[in-house]
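Reminder, nothing fancy here: chain letters follow the sequence lines and each chain counts from 1. Values below: all heavy atoms of this structure, side chains included; hydrogens, waters and symmetry mates excluded.
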Amino acid sequence: MATEMNKTYNPAEIEDRLYRKWLEKGYFHAEVDRSRKPFTIVMPPPNITGQLHMGHALDNTLQDILIRFKRMQGYNALWQPGTDHASIATEVKVTAKLKEEGIDKEELGREGFLARTWEWKKEYGGRIVSQLMKMGSSADWDRERFTMDEGCSKAVEEVFIRLYEKGYIYRGSRIINWCPVCQTSISDAEVEYEDQAGHFWHINYPVAGTDRYIEIATTRPETMLGDTAVAVHPEDERYKDLVGRKLILPLVGREIPLVEDSYVDKEFGTGAVKITPAHDPNDFEVGKRHNLPEINIMNDDGTINENGGKYAGMDRYEARKAIVRDLEEGGYLVRIEKHDHNVGTHDRCHTTVEPMVKQQWFVKMDELARPAIAAVKNGELRFVPEHFDRTYLHWLENIRDWCISRQLWWGHRIPAYYCQECGEITVAKEKPAACPKCGCHQMVQDEDTLDTWFSSALWPFSTLGWPEKTEDLEYFYPTDVLVTGYDIIFFWVIRMVFSGYEHTGKSPFRDVLIHGLVRDELGRKMSKSLGNGIDPLEVIEQYGADALRLTLVTGNAPGNDMRFSEKKILASRNFANKVWNASRFMLMNIEKADLSGVSLSNLTPADRWILSKANTLVKDVTENMENYDLGIAVAKLYDFIWEEFCDWYIEMVKPRLYNDEDATKAAALFTLKSVLITALKLLHPFMPFITEEIFCSMQDQEESIMISSWPEYDENYDFSREEKEVEIIKTAVRNIRNMRADMNVPPSRKATVYVVSDKEEIRRVFEHARVFFATLGYASEVLVQPDKAGIPEDAVSTVIPDAVIYIPFADLVDVEKEIARLEKEAKRLAGEIKRASGMLNNEKFISKAPAAKVEEEKEKLARYTAMAAQVEERLSQLRS
RNA sequence: GGAAGGUUAGCUCAGUGGGAGAGCACUCGCUUGACGUGCGAGGGGUCGCAGGUUCAAGCCCUGUACCUUCCACCA
């Protein structure tokens, strides 16, 4: 097998094959099993209109890492997937497609349109799922759900009816956000504010029966058609004498009152505000307080309606121009001022939202919000990172009622029926045969559908069978962690939490792991309009899913945005190649080896060192992953594999492997293999494909790494003495390399290495390590001795703790250079001595710092002092 | 107006009160029997600024400057 492995790792030829294997084996599937502990993640359902983008890629990578980790740890891990019907997004898309075919939505009718949309869903709804599979996502696809499937729809009905009966859902005429393009109401969360350059139009409103005027200022002159008052502050002396009088609305001629309301800011503008209750949320409130009529001046498409008189039929912006022109001609326009302001737009289409008074369905939020607020305050629900609980709480504590009805066809139709005779409203699962009040048979269902988020709010439990008391629900719910972006806390997280408490009595998840946005190289949001998006599928094709996944978690802390760039992918790809080649090295060497006789007692200090390091790594990585510090976990893995394992251990082991006489060869192979397996297992959640491919190349292992067990810390593999010994060797090797580089000695030139130490202990360590120096330290031979006997006077030297290393280069030596080098060493040591003695001379340090810390500094001081003395001795020798 | 986050090497970013880190970039050297998608050796940081707490601060506290984002919306 090993000899068949390519020199470079080629993900394209293995990923699909392995994914198919996992699917066929059913590894992703979870069933209720009371003998095991469940671990559940519910996947944020991507829209059926969706195409995989970097946001999905990040979100799914994080979830897959956690679920694979827990699965290997022995949990019965369920990752519940599915898709969202995405009412507006889908309806817009299908309508556009019909239009291309020359079909008008209205002519097609509701039934026909829904049939077409289901067809569309069938055709494209699966696309995003197959794209998620390309990422290596180990979700339980057998359980795939859809927010409009039978079960989820039942849950929606159930919730609507329960909340209605409890009085938490009501129908009312209130001011809502209206999108004139999508022609539907939208919730507050769907309004996005944009800075726009605009104007302030100052207009004179004549006071009836006088020749006086009141000057008002507005950014939206067209709304004056719906003005039903002008308001001033009650304490505003300027207008005191006019309160109670009527004003004449210019162009319209309607008489409107001047009212007093403390909502008005005396200092702003002229201190007089036109009040348009039907088209401004604040004016709506003022209107309610003063019993003002609400005059709706607009049609659903944003044109002026019959209430607008001569302006009827004009688009709202056309009307604005016409009105300003007419005001000017009529002498009412005082002046025009430039004014930048924030304009609410629809987050889907960016059309400027029109506030309108409409009959809509709402969810009353104050009671529902209460347990959701308490959950975070009492720690039942935890955000990672923690500071997002501020965002969450702030929103919940200031929440307004949720407008849930949408004037769309694609979605869950509101289960309310109106009696055509008496107007009675009946909320029920089925259409009532007769009106319960008047008994007539003219019952008509509400035309509207529900906000998409109404159904996704139930996702964590509706997918597990709620409202039925299913085994799945009992066992897998509440879920363990929700993974999502901070941009979706308001839309989704909050609504799931209050829904969970209301309908199941529990928080739907314990932890919420929040991640940031994936931005482009320059830190800009990836967007279609900028054309700066990087397609994850293209990255996968070119570099592999593992490289993409690694890139998305490397160097990133929870909640932070990250910049994505080609360079980062290359670094990940290179790491994959490194892992591949380290494995190839092991496999090539192990082919004909017999490891049966190896036991702990056969292992050399180097073997024990790397096993001990790996053992510590297991503990650290596991801990980091439990804390959702995935970036830290993977950084430790990266460093361990690349530096400790490849650059040090593999290099140390080569002479043993290439010498058939070496009695420790089998021990080396055993160690190589077991450390590699441990590392691959720890790496598997991050890089599932490459680790599986390598793991399966070792025929004596389980059939898949993804069902193998997560490594556990084992105190029998804690070899701290050997760790210290190898650190000494590493220091020696580094110093030798340093010397050679400083003296410009080419690697091809081997030399004798003398190690002089008066400590038997240290000499023993070097005797054991002698074999490494040929490759690591370019040594032709290594002589370990208690004194300097036989070492040429002009040898180059370096001092390490408890030993001095000499290398005679004969003709190569340059005494000046050597003195300079040693002086550099002396300087460094002097610095260390100064630092340590500084601390130790501080009485407060001695008395207040922990004893171990003080002891540590004392040891350092002693060591560095001894080393400095050695360097000085060498220097004086050379100078003489 | 309110809130959160950021400010650490040329760039991108980690950092868990006790001698400043990684990747990329840069300089020098290397056909070392896994890997040049590699190996070895380097250069490069008053950790935004000012105070404070502490024996000890990049890390904790206060203030401040600048950047980013979210929420609110004075018409």
TODO: For D647(A), answer base if it contacts any base atom (sugar-phosphate contacts may also be present), sugar-phosphate if it contacts only those atoms, and nothing otherwise; contact means non-hydrogen atoms under 4.0 Å.
DONE: sugar-phosphate
- [ ] May I ask you to verify if any side-chain N or O of R573(A) is less than 4.0 angstrom from the OP1 or OP2 atom of U37(B)?
- [x] no
Open item on the list: By the 4.0 Å heavy-atom rule, please label I650(A) as base, sugar-phosphate, or nothing.
Closed with: base
Task: Partner nucleotide, any strand, of G58(B) [Watson-Crick/G-U, under 3.5 Å] - done: none
TODO: Would you please classify the geometry between the Y658(A) ring and the F585(A) ring as parallel, tilted or perpendicular, with 30° and 60° separating the classes?
DONE: perpendicular
Task: Phosphate OP1/OP2 of C13(B) contacted by R563(A) side-chain N/O (<4.0 Å) - done: yes
Open item on the list: When you compare the side chains of T798(A) and E825(A), does any donor N or O come within less than 3.5 Å of an acceptor on the partner?
Closed with: yes
TODO: Check every strand shown and say whether F490(A) touches a base, only sugar-phosphate, or nothing at a heavy-atom separation below 4.0 Å.
DONE: sugar-phosphate
TODO: Identify whether any heavy atom of G555(A) sits under 4.0 Å from a base atom; if not, whether one sits that close to sugar-phosphate; answer base, sugar-phosphate or nothing.
DONE: sugar-phosphate
Task: Side-chain N,O (N398(A)) to OP1/OP2 (C71(B)) below 4.0 Å - done: no
Open item on the list: Both distances below 3.5 Å, Watson-Crick or wobble geometry, any strand: find the nucleotide opposite A14(B).
Closed with: none
TODO: Would you confirm whether D389(A), through its side chain, and F383(A), through its main-chain N or O, come within 3.5 Å as a donor-acceptor pair?
DONE: no
- [ ] Sticking with atom C1', work out how far C59(B) lies from G2(B), rounded to a whole angstrom.
- [x] 28 Å
Open item on the list: Determine whether the aromatic ring of Y658(A) stacks with the base of G33(B), defined as ring centroids separated by less than 5.5 Å and ring planes inclined by less than 30°.
Closed with: yes
Task: Crowding at NZ, K567(A) (>12 non-hydrogen neighbours, <6.0 Å) - done: no
- [ ] Count the heavy atoms belonging to other residues, nucleotides or ligands that lie under 6.0 Å from CD of E192(A), then report whether that count exceeds 12.
- [x] yes
Task: G1(B) pairs with, by Watson-Crick or G-U criteria that keep both distances under 3.5 Å - done: C71(B)
Task: P257(A) versus L292(A), closest heavy-atom pair with distance - done: CG-CD2, 4.1 Å
TODO: Answer with base, sugar-phosphate or nothing: what part of the nucleic acid does E857(A) contact at a heavy-atom distance below 4.0 Å?
DONE: nothing
TODO: Check every strand shown and say whether F564(A) touches a base, only sugar-phosphate, or nothing at a heavy-atom separation below 4.0 Å.
DONE: nothing
TODO: With the side chain of N574(A) defined as its heavy atoms from C-beta on, choose the nearest nucleotide among A75(B), A41(B), G38(B).
DONE: G38(B)
Task: N/O donor-acceptor pair, side chain K578(A) with base C35(B), under 3.5 angstrom - done: yes
TODO: Pick base, sugar-phosphate or nothing for R737(A), based on heavy-atom distances below 4.0 Å to the nucleic acid.
DONE: sugar-phosphate
TODO: Check every atom of G15(B), G29(B), A75(B) against the side chain of P747(A) and return the nucleotide holding the closest atom.
DONE: G29(B)
TODO: State which of C55(B), C73(B), C35(B) makes the closest approach to the side chain of A849(A).
DONE: C55(B)
TODO: Remember a base hit wins even if backbone is also touched, and classify K834(A) as base, sugar-phosphate or nothing at under 4.0 Å, heavy atoms.
DONE: nothing
TODO: Verify the ring-centre separation between F575(A) and Y638(A): is it less than 6.0 angstrom?
DONE: yes
Open item on the list: Please name the nucleotide paired to U27(B) by Watson-Crick or G-U wobble geometry with both distances under 3.5 Å, or report none.
Closed with: A41(B)
- [ ] For P385(A), answer base if it contacts any base atom (sugar-phosphate contacts may also be present), sugar-phosphate if it contacts only those atoms, and nothing otherwise; contact means non-hydrogen atoms under 4.0 Å.
- [x] nothing
Open item on the list: If you compare all heavy atoms of T691(A) against all heavy atoms of L680(A), which two are closest, and at what distance to 0.1 Å?
Closed with: CG2-O, 3.4 Å
Open item on the list: Can you work out whether W395(A) or I833(A) has the more 5'-proximal nearest nucleotide on RNA chain B?
Closed with: I833(A)
TODO: Scan nucleotides 1-8 of chain B nucleotide by nucleotide, 5' to 3', and note B when protein non-hydrogen atoms come under 4.0 Å of the base, S if they reach only the sugar-phosphate, - if neither.
DONE: --SSS---
- [ ] Mind checking Y9(A) for me? I need base, sugar-phosphate or nothing, with any heavy atom below 4.0 Å counting as a touch.
- [x] nothing
TODO: Would you give a per-nucleotide map of nucleotides 56-68 of chain B, 5' to 3', where B means the base has a protein non-hydrogen atom under 4.0 Å away, S means only the sugar-phosphate does, and - means neither?
DONE: -------------
TODO: Start with the C-alpha gap between Y543(A) and E566(A), add the side-chain angles, then the distance that decides, and say whether side chain to side chain donor-acceptor pair (under 3.5 Å) holds.
DONE: CA-CA 10 Å; Y543(A) 303 102; E566(A) 189 86 8; 2.5 Å; yes
TODO: Look at the side chain of K567(A) and decide which nucleotide, out of C35(B), C24(B), A75(B), has an atom nearest to it.
DONE: C24(B)
TODO: Measure across K844(A) and S847(A) and return the closest heavy-atom pair with its distance rounded to 0.1 Å.
DONE: O-OG, 3.2 Å
- [ ] Would you mind telling me which of C73(B), G42(B), U37(B) lies closest to the side-chain atoms of N738(A)?
- [x] G42(B)
Open item on the list: Tell me if a side-chain donor or acceptor on D283(A) pairs with a main-chain N or O of P277(A) at a distance below 3.5 Å.
Closed with: no
Open item on the list: Can you classify the ring geometry of Y649(A) versus F645(A) as parallel (below 30°), tilted (30 to 60°) or perpendicular (above 60°)?
Closed with: parallel
TODO: Verify the distance criterion only: is there a donor paired with an acceptor across the side chains of Y486(A) and D561(A) at less than 3.5 Å?
DONE: yes
Task: Paired nucleotide for U32(B) [Watson-Crick or G-U wobble; both distances under 3.5 Å] - done: none
Open item on the list: Need one value for A582(A): base, sugar-phosphate or nothing, where a base atom within 4.0 Å counts as base even if backbone is also close, heavy atoms only.
Closed with: base
TODO: Ignoring the backbone of K525(A), work out which of A34(B), C70(B), U16(B) is nearest its side chain.
DONE: C70(B)
Open item on the list: Quick check: closest heavy atoms across A272(A) and I216(A), and the distance to 0.1 Å?
Closed with: O-CG2, 3.6 Å
Open item on the list: By nearest heavy atom, map A557(A) and Y864(A) onto RNA chain B; which one lands nearer the 5' end?
Closed with: A557(A)
- [ ] Check each residue of residues 332-344 of chain A for a non-hydrogen atom within less than 4.0 Å of any atom in RNA chain B, then write out the ones that pass by number, or none.
- [x] H339(A), N342(A)
- [ ] Examine C55(B): is either OP1 or OP2 under 4.0 Å from a nitrogen or oxygen in the side chain of K844(A)? Give yes or no.
- [x] no
- [ ] Kindly point out which of C24(B), G29(B), A34(B) is positioned nearest to the side chain of C646(A)?
- [x] A34(B)
- [ ] Using a cut-off of strictly less than 4.0 Å, decide whether N589(A) has a side-chain nitrogen or oxygen near OP1 or OP2 of A34(B).
- [x] no
- [ ] Could you tell me whether K654(A) contacts a base, only the sugar-phosphate backbone, or nothing, with contacts defined as non-hydrogen atoms closer than 4.0 Å?
- [x] base
Task: Euclidean distance for C1', C35(B) against A14(B) (whole angstrom) - done: 26 Å
- [ ] Taking atom types as modelled, find out whether K673(A) and T671(A) have a side-chain donor-acceptor pair closer than 3.5 angstrom.
- [x] no
Open item on the list: Base, sugar-phosphate or nothing for T8(A)? Non-hydrogen atoms, less than 4.0 Å.
Closed with: base
Task: E337(A), R335(A), R320(A), R220(A) screened by side-chain contact (heavy atoms from CB on, under 4.5 Å) with W201(A), the one that passes - done: R320(A)
Task: Nearest-neighbour nucleotide for the K568(A) side chain, U12(B), A72(B), C39(B) considered - done: U12(B)
TODO: Considering just the side-chain nitrogens and oxygens of W642(A), establish if one lies under 4.0 Å of OP1 or OP2 belonging to G23(B).
DONE: no
